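Below is one structure, written out as structure tokens, with a few remarks after it.
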Amino acid sequence: MYQITGLNPEQEEACSYTEGPLLILAGAGSGKTRVITHRIAYLIEGKGVNPRNILAITFTNKAAEEMRERVDRMLTDGAKEIWVKTFHSMCVRILRRFYEKLGGKNNFNIYDTDDQKAIIKETLKHLGLDEKQYPIRGMISSISKAKEEFLSPEEYARNEAGSYRGRNVADIYAEYEKRLQKNNALDFDDLINKTIRLFMEHPDVLSIYQERFRYIMVDEYQDTNHAQFVLVKLLAAKYRNLCVVGDDDQSIYKFRGANIYNILNFEDEYPDAKVTRLEQNYRSTANILNAANAVIANNTGRKEKTLWTENEEGEKLSYTLYPNDREEARGIVTNLRMLRRKGLCNSDLAVLYRTNAQSRVIEEQLVREGVPYQMVGGTNFYARKEIRDMVGYLKCISNPADDQSLARIINVPRRGIGDSTVVKMREYADAHDMSLYDVVVEAKNLPDIGRSAGKVSAFAEMMQGFRRKAEENDLHGLYQEILQKTGYRSGLLAENTEEARGRVENLDELGNKIADFELNHEDATLLTLLEEISLVADTDNEDETGDRLTLMTLHSAKGLEFPVVFMVGMEERLFPSGMAIDSDDPDAVEEERRLCYVGITRAEKKLFLSAARQRMLNGNYIYPGESRFIKEIPKYLLEKKGAGHRDEYEEGSGSTIRREPVEDEWRGTTFRPKKAEPEKKGIEDLFRNGSVGNVQSMSRGFQPDYQVGDQVRHIKFGKGVVTELIKGGNDYEVAVNFEFCGEKRMFASLAKLRKV
DNA sequence: GAACCCATCATTTTT
DNA sequence: TGATGGGTTC
């Protein structure tokens, strides 16, 4: 019989209460992950539950991996049968198997935010709407909200019919949906929603999963949105062994749809729910914890919790007001040096800030002072252009209906298939209810694409070859073949610039990742590879190598802990953010406060808080004044430091904007991150290497076959009349008054006007 | 097609 | 300040 050992009574109860709904309110640093893994072990070894009847849902892949690892270590065998998944990967797995029941094809592609952007952009153009009035990001979030509430475009349109804008947004949503469907693609929200629809419309399928997942656990429950709430509810409806773990005080993702009421109202949804509070903190000193408690106590409508600890009181929190942001950054280095003399490593420390923009000043100082650091949450490897291009090929090969991906790569690297050809083919595809790919394959029979037809056919041949290769299920081989046959890699190498070499490195890195994937996954197929690429944000592997200071936003810090934490920029309108302060939603500032609570509770031994009297923000100097959160920390817990606290600086408080820059003692030596500057070719250079003669076709001169007054046709602008023709060095500048687009001026050699 | 110039705009982020 | 996108110029 499995013995639960080494847990406190509340933790033990959370582990052993296995039947029926259970809400575990797990305060920061209360040993939550430990409880979850012990609970799983207890289910299996204590209660004899079959591992395949257990489902553990997390939010991030990182959390899923960590849990999987810990469960593996704890159990002798059978752990593999447990589903430890993110919401999205779970849904993909289900949909790959059953999506056909909803009339879809199971080789659907998954669209990320960049794909969404591209679709919306085209949609706006298609509907003739202005990007300024219907900003893409806003549209994506409106659509996401609609989906979360299960509103179809038709329902959305009905709800919004009252306003002109609403009707337009509804049109955008409808068109967006149409395009996703045509491309056989699902966005992240769809993954959840379609699974729900599948369950609702096919009770037999739901029943399969209900029977399988008799014990369900959801981590970070405060981060779930409404759709995820419904999904969990469906899955748990039969056996009702649902255990959710979370902390309403750490709900910081409202802006991306998290609904704090899922956790706050859990007991209303499940009246027989047992509630366990984990309030003993094992992470932080008493002083740090008390500061956190004091701050969060200012929020209303929370689940009352008071964290306590048996840990020592520890040092007071240090709070320094610096004259400006650069001094604040220098202060970090000074403190870091002091701490290192005491024996701490760089990797024991983390600097947390509210906005990414704050990192720059800090980085500059760290580079200047030679402090090694790592930034968490950098750009996603898969977001790089060259990687997206390659993934575009893979997506097309896997799902030829994906016009979006095909359009992306059809002329990359350039192979003489211009925009107008693509437009024509897309129009033809739309008119004949075909996919772009089908049209490409049939290109030779297409009227009206003229000289491009050969190029398109050659491209089609190549793609068909890739698809045949894909059938061998040799992913790395396929990838190499794409690199080679498209000439993508060799093209970059030929550029012979630093930047291109970087891209080649990335391409090779992708090759390694694919080879790795094949080695480590028994079910390595093109579909599962693409799934991994779409669902696993590979943010510049926080490599553990080297002793480096960590820099990140407060948001990314959630779930982590460090012996020493610096919270910088404790200034009103920066933290809490101005947007939150100005918001008419009173919860906005409360969410910022939760974020502050999250930040404070990351620290184990020592917390440094700091603010700057003057800060460069968006190119202006601002004088923000001290954050309200500082004022919410009891004085006796704070040790104030720094000249900035003296009253003589008082006149600068408030949020005055001044243009006058401060004296910059380092001006001239200011560090600038190296950027691959494009080589500036001056006239001298041109002469020196004698390339003047090759300056393309222009040197040969260009002779238009039309003159002022002639009717001409432009590939994009349509018909027009030539109003002016001016001879320049080797070319003519031509002005045309177009029927639909008004007057345009352009260079004759490039305009490619045809006389009509 | 690419190098430039100008205007505009600025939380937080995972899947 | 800086990144980005659109338009202009060659």
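Because the structure is predicted, anything quoted here is derived from the model rather than measured. Keep in mind that the numbers below use all heavy atoms, side chains included, and drop hydrogens, waters and symmetry copies. Here is the naming used below: chain letters follow the sequence lines, and residue numbers restart at 1 for every chain.
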For the base of B:dT15, is there a side-chain donor-acceptor partner from A:Thr113 under 3.5 Å away? yes
Whole angstrom value for the distance that separates P of B:dT11 from CD of A:Glu572: 18 Å
Modelled atom types, side-chain donor and acceptor of A:Ser610 and A:Glu328, under 3.5 Å: yes
Those residues of residues 578-592 of chain A lying under 4.0 Å from DNA chain B by at least one heavy atom: A:Met579, A:Glu592
Looking only at B:dT13, C:dG6, C:dT1, the nucleotide nearest the A:Met616 side chain is C:dT1
Determine the contact category for A:Phe255: base if any of its heavy atoms lies under 4.0 Å from a base atom, sugar-phosphate if only primed atoms, P, OP1 or OP2 are that close, otherwise nothing. base
Residues at least two apart in sequence or cross-chain that pass side chain to side chain contact (heavy atoms under 4.5 Å, CB included) with A:Val536, listed by chain then number, are A:Asn61, A:Glu532
Considering just the side-chain nitrogens and oxygens of A:Asn356, establish if one lies under 4.0 Å of OP1 or OP2 belonging to B:dT13. yes
Counterpart residues, side chain to side chain contact (heavy atoms under 4.5 Å, CB included), relative to A:Glu122 (two or more places apart): A:Arg179, A:Gln404, A:Arg426
Would you classify A:Asp112 as touching base, sugar-phosphate or nothing, given that sugar-phosphate means primed atoms plus P, OP1 and OP2, and contacts are heavy atoms under 4.0 Å? nothing
Rounded to the nearest angstrom, tell me the gap between atom CG in A:Asn193 and atom C1' in B:dT15. 13 Å
Any cation-pi pair here, A:Lys513 with A:Phe381, using under 6.0 Å and within 45°? yes
With syn defined as a glycosidic angle within 90 degrees of 0 and anti as anything else, the base of B:dT11 is syn
Looking only at C:dG6, B:dC9, B:dT13, the nucleotide nearest the A:Ser556 side chain is B:dT13
So which nucleotide from B:dG1, B:dT12, B:dC9 ends up closest to the side chain of A:Arg414? B:dG1
Of the nucleotides B:dC9, B:dT15, B:dT13, which has the atom closest to the A:Arg256 side chain? B:dT13
Using whole Å, what does the distance between atom P of nucleotide B:dT12 and atom NZ of A:Lys254 come to? 18 Å
Most 5' of A:Ser534 and A:Thr355 on DNA chain B, judged by nearest nucleotide: A:Thr355
Could you tell me if A:Arg197 sits above the aromatic ring of A:Phe150, with its cationic atom closer than 6.0 Å to the ring centre and no more than 45 degrees from the axis? no
Does the side chain of A:Lys117 get closer than 4.0 angstrom to OP1 or OP2 of C:dG5 through an N or O atom? no
So what does A:Arg137 hit on the nucleic acid, given a heavy-atom distance under 4.0 Å: a base, only sugar-phosphate, or nothing? base
Those residues that, when tested against A:Ser577, pass side chain to side chain contact (heavy atoms under 4.5 Å, CB included) (two or more places apart): A:Arg354, A:Met579, A:Ala580, A:Glu592
Looking just at side-chain N and O atoms, do A:Tyr322 and A:Gln614 make a donor-acceptor pair shorter than 3.5 Å? no
What nucleotide among B:dT13, B:dT11, C:dG6 has an atom nearest to a side-chain atom of A:Thr553? B:dT13
Rounded interatomic separation in angstrom, taking CZ from A:Arg593 and P from B:dT11: 22 Å
Going by the salt bridge (charged side-chain N to carboxylate O under 4.0 Å, His left out) test, which pairs reach into residues 137-149 of chain A, not counting sequence neighbours? A:Lys147-A:Glu177, A:Lys147-A:Asp187, A:Lys147-A:Asp190
Think A:Arg615 has a side-chain N or O under 4.0 angstrom from the OP1 or OP2 of C:dT1? no
Heavy atoms only, 4.0 Å cut-off, all strands: where does A:Asp189 land among base, sugar-phosphate and nothing? nothing
Calculate the interatomic distance between A:Glu148 atom CD and B:dT14 atom C1'; express it in whole Å. 13 Å
Is there a side-chain polar atom (N or O) of A:Asn61 under 4.0 Å from OP1 or OP2 of B:dT14? no
When you compare C:dT4 with B:dT13, how far apart are their P atoms, in angstrom units rounded to a whole number? 16 Å
Round to a whole Å and report the spacing from CZ of A:Arg93 to C1' of B:dT15. 18 Å
By side chain to side chain donor-acceptor pair (under 3.5 Å) - contacts of A:Asp584 (at least two apart): none
Listed nucleotide nearest any side-chain atom of A:Asn618, set B:dA10, B:dT15, B:dA2: B:dA10
Which part of the nucleic acid, if any, lies within reach of A:Lys558 when heavy atoms closer than 4.0 Å are counted: base, sugar-phosphate only, or nothing? nothing
Between atom OH in A:Tyr353 and atom P in B:dT12, what is the gap in whole Å? 10 Å
Rounded to the nearest Å, what distance is computed from the CD atom of residue A:Gln228 to the P atom of nucleotide B:dT14? 15 Å
Classify A:Ser577 by what it touches in the nucleic acid, base, sugar-phosphate, or nothing, heavy-atom distance under 4.0 Å. base
